[in-house]
Participant: 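There's a structure below that I have some questions on.
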Amino acid sequence: MIFKQLFDQKSSTYTYLIASSKGREALIIDPVLENVNDYVNILKELDLKLVKVIDTHIHADHVTGASKLKNITKCSTIMGDHSPADSVEIKVKDDEYIYLENLKIRAMYTPGHTSDSYSFLMNDYLFSGDTLLINGTGRTDFQNGNAKDAYNSIFNKLLKLPDKTFLYPAHDYKGEKVSTIGKEKKFNPRLQVDNMDQYVELMNNLNLQKPKELDTNINRNLKLGSE
Ligand code: FE2
C-alpha cells in the first residue's frame with residue numbers, strides 16, 4: 001500500500017494520500033489548497049489516478065484543496081452527509097463504506113468538534129479529523145460544536161476501537177505524527193475524565209483564541225475551497 005502523511009506548515013494540517021500501489025487509483029483526505037501542486041506532483045511521480053478526495057469536516061483554519069483537485073483530476077468529492085457544503089458530490093452516511101479498488105474505508109459519524117465531523121477507518125488506520133488528536137481533542141466552541149456530542153463520539157465510538165488502532169489526526173502542533181487508541185486512552189490528558197460532565201466542564205473552560213481568518217476559511221470551505 002502507498003500511504004503518505006503530508007504536513008501543511010501554516011495550519012499544522014496533516015493530509016493523507018492513499019493508494020494500493022503504483023499506477024493505481026488514489027484517495028486524498030483533508031487536502032490543503034496551497035499544497036495542491038505538491039499533491040499533483042506526487043500523483044504524477046507515482047503514476048496514480050486521483051479518484052476521490054475526502055474532507056473530514058468543514059475546516060476553520062485552512063482552505064480545502066478539494067475543488068482545485070477536482071478541477072485538475074476530475075476526482076469525486078466526498079464528505080459525511082451532515083456536511084453543509086452543497087457542492088459535495090458524494091455524502092456518505094455513518095457506517096457506510098468508501099471503496100478504492102481493493103481498499104475499503106468506513107465512514108464514522110463523530111460529531112462534537114463540529115456538527116459535520118466524520119472519522120474514517122481503513123483496516124487499523126483511523127483518520128480522526130479533529131475529533132481525536134494526539135494528546136488532545138478538537139475544540140467544541142464554534143461551528144455547532146458540542147462537548148457532549150464530542151464525548152460520545154470519542155468515548156463511545158473511537159475509543160471502542162481496538163487499542164492497536166493507529167490514530168492519524170488532521171492536525172498536530174507539536175510534531176507528533178501517529179499514535180494508537182491504546183496510547184491515547186492512557187496518556188491523552190483530555191481523556192482522563194470520569195464522566196461526560198467532567199469532559200464538558202473541561203471543554204467549556206479552555207478559553208482558546210479563535211483561529212485567524214475563521215469566517216473566510218469557513219465560507220470558502222462551504223464551497224469546497226472554490227472562490
Ligand atoms: Fe477542525
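Just so it is clear, the structure is predicted and the values come from calculations on it, not from any experiment. Keep in mind that the numbers below use all heavy atoms, side chains included, and drop hydrogens, waters and symmetry copies. Counting convention: from 1, in listed order, for ligands and their atoms alike.
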Participant: Is it true that some N/O/S atom of H171, main chain or side chain, lies under 2.8 Å from the Fe ion (ligand 1)?
Facilitator: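 Coordinating: no.
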Participant: Does NZ in K210 sit with more than 12 non-hydrogen atoms of other residues, nucleotides or ligands closer than 6.0 Å?
Facilitator: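 Yes, because the 6.0 Å sphere around NZ of K210 holds more than 12 heavy atoms from other groups.
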Participant: Which single N/O/S atom of D130 lies at minimum distance from the Fe ion (ligand 1)?
Facilitator: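 Checking each N, O and S atom of D130, the shortest distance to the Fe ion (ligand 1) belongs to OD2.
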Participant: How about D130 and H57: does a side-chain donor come under 3.5 Å of a side-chain acceptor?
Facilitator: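 The criterion, which ignores hydrogens and geometry beyond distance, is satisfied for H57 and D130.
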Participant: Taking 2.8 Å as the cut-off, does H57 contribute an N, O or S atom near the Fe ion (ligand 1), distance below it?
Facilitator: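 A backbone or side-chain N, O or S atom of H57 is under 2.8 Å from the Fe ion (ligand 1).
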Participant: Within 45 degrees of the ring normal and closer than 6.0 Å to the centroid, is that where the cationic atom of K104 sits relative to Y99?
Facilitator: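 The answer is no; the distance or angle limit is not met.
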Participant: Rounded to the nearest 0.5 Å, what's the gap from CD1 on I78 to CD1 on I28? Could you check?
Facilitator: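 Interatomic distance, I78 CD1 to I28 CD1, rounded to 0.5 Å: 12.0 Å.
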